[in-house]
K.L.:
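Structure incoming, see below.
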Amino acid sequence: MNPTRIIIHGGFFSESSTSLETKIAKQEALLRIVKQSYAYLQTHSALEAVVYAVSLLEDDALFNAGIGSQIQSDGKIRMSASLMDSVTMKMSGVINIEEVKNPIQVAQHLLAVDDRILSGEGATAYARANGFEAFSTEIPQRRAEYEAKVAASRLGTVGCVALDAEGRIAVATSTGGKGFELVGRVSDSATVAGNYCNADCGVSLTGVGEDIVSGAVAAKIVTRVTDGFTLEKAFEKTFAELTPFDGFAGAIAITKDGKMFHQDSHPSMVFASYDGEKEEVFQ
Ligand code: ASP
């Protein structure tokens, strides 16, 4: 039996714009969700577990994904999510989908079809045609932030990487975006820069999508591990390549031998991990 591992993130936390109560609430939510998802992973595949964990994060209004998503410049919420499985090497996702409770579950549904990443109206229409009912993920706090034009500092994408008992890795990421973005803007969360895995390593990102795409972060870390870098060195080199343009990013990862790692370029990504014995949560 392989060791099982799970690590999740809930985006960034800013000491200056967030209260101590919110920080404590995020720590508690992340620890509760990582442990619940770890228990689920004991009887499910890594792929099922990352969808389970990200669905719980989407359902928690503390995070900018699913319920509690940011509002775009035209006053509408559009969400993006993707997942990837090391067994099939298939990635599937939705970009700028509207009015579904769990975008990651639509991404999971798309794994079974040929056209696996859908955007905009096509993604929303696919969801409706496949039983995902219309659901508003707006909460009053986001509307108030939108009206006060302060949401741009709230980066709260969610993500999960899991390693199951059969040594399979899977990764899932879901976001409400940056807030106030132009209609049509594409987040990194449904690209291989923000969400990528293979049989050696899985990585999920949060931060400024444009920076994450410029740095091709998840794909680079995974490739470097496959080419023989340790996980720490793969992070070090990839994050060093963000510094010339002050790239804003945070990443979580797991390797096939059960190593977990996380790093951010700016303070502070919120995350939690669990291996059945040791728990870790951001401070
Ligand atoms: N990466 C997300 C985006 O740029 C935002 C976030 O991480 O909160 O859409």
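Counting starts at 1 for both ligands and their atoms, following the listed order. Quick caveat: nothing in here was measured; it's all calculated off a predicted structure.
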K.L.:
Residue-level breakdown please: for H9 versus ligand 1, do any non-hydrogen atoms fall below 4.0 Å on the side chain, on the backbone, on both, or on neither?
P.N.:
neither

K.L.:
If you measure every N/O of S189 against every N/O of ligand 1, is any gap under 3.5 Å?
P.N.:
no

K.L.:
Which option wins on minimum heavy-atom distance to atom 9 (O) of ligand 1: M79, E210, R185?
P.N.:
R185

K.L.:
Say you draw a straight line from CD1 of I104 to OG of S55; how long is it, rounded to the nearest 0.5 Å?
P.N.:
7.0 Å

K.L.:
Measure up the Y274 and Y38 rings against each other and bin them: parallel (under 30°), tilted (30 to 60°), perpendicular (over 60°).
P.N.:
perpendicular

K.L.:
Would you check if the side chain of S187 reaches a backbone N or O of G209 as a donor-acceptor pair within less than 3.5 Å?
P.N.:
no

K.L.:
Just jot down the ligand 1 atoms closer than 4.0 angstrom to any heavy atom of D188, in number order.
P.N.:
1 (N), 2 (C), 3 (C), 4 (O)

K.L.:
Quick check on Q70 - does any of its heavy atoms sit under 4.0 Å from an atom of ligand 1?
P.N.:
no

K.L.:
Has ligand 1 got any nitrogen or oxygen that is less than 3.5 angstrom from a nitrogen or oxygen of G156?
P.N.:
yes

K.L.:
Under a 4.0 angstrom heavy-atom cut-off, which atoms of ligand 1 come close to G207?
P.N.:
1 (N), 2 (C), 3 (C), 4 (O), 5 (C), 6 (C), 7 (O)

K.L.:
Backbone N or O of R168 within a donor-acceptor pair of the D164 side chain at under 3.5 Å?
P.N.:
yes

K.L.:
Using distance alone, determine whether G177 and ligand 1 share an N or O pair under 3.5 Å.
P.N.:
no

K.L.:
Closer than 3.5 angstrom, by distance alone: can the side chain of R224 be matched with the main-chain N or O of G228 as a donor-acceptor pair?
P.N.:
no

K.L.:
Would E232 and K259 count as a salt bridge (Lys or Arg N to Asp or Glu O under 4.0 Å) here? Give the steps.
P.N.:
CA-CA 10 Å; E232 288 82 350; K259 242 184 183 326; 3.7 Å; yes

K.L.:
Can you tell whether the side chains of E181 and R78 come within less than 4.0 Å, N to carboxylate O?
P.N.:
no

K.L.:
Using a 4.0 Å cut-off to any heavy atom of S187, which atoms of ligand 1 qualify?
P.N.:
3 (C), 9 (O)

K.L.:
Could you tell me, atom by atom, which parts of ligand 1 come under 4.0 Å of a heavy atom of T175?
P.N.:
2 (C), 5 (C)

K.L.:
With no hydrogens and no angle check, just 3.5 Å: does a side-chain donor-acceptor pair link T173 and S204?
P.N.:
yes

K.L.:
Tell me the contacting part of T206 for ligand 1: side chain, backbone, both, or neither, using a 4.0 Å heavy-atom threshold, strictly below.
P.N.:
both

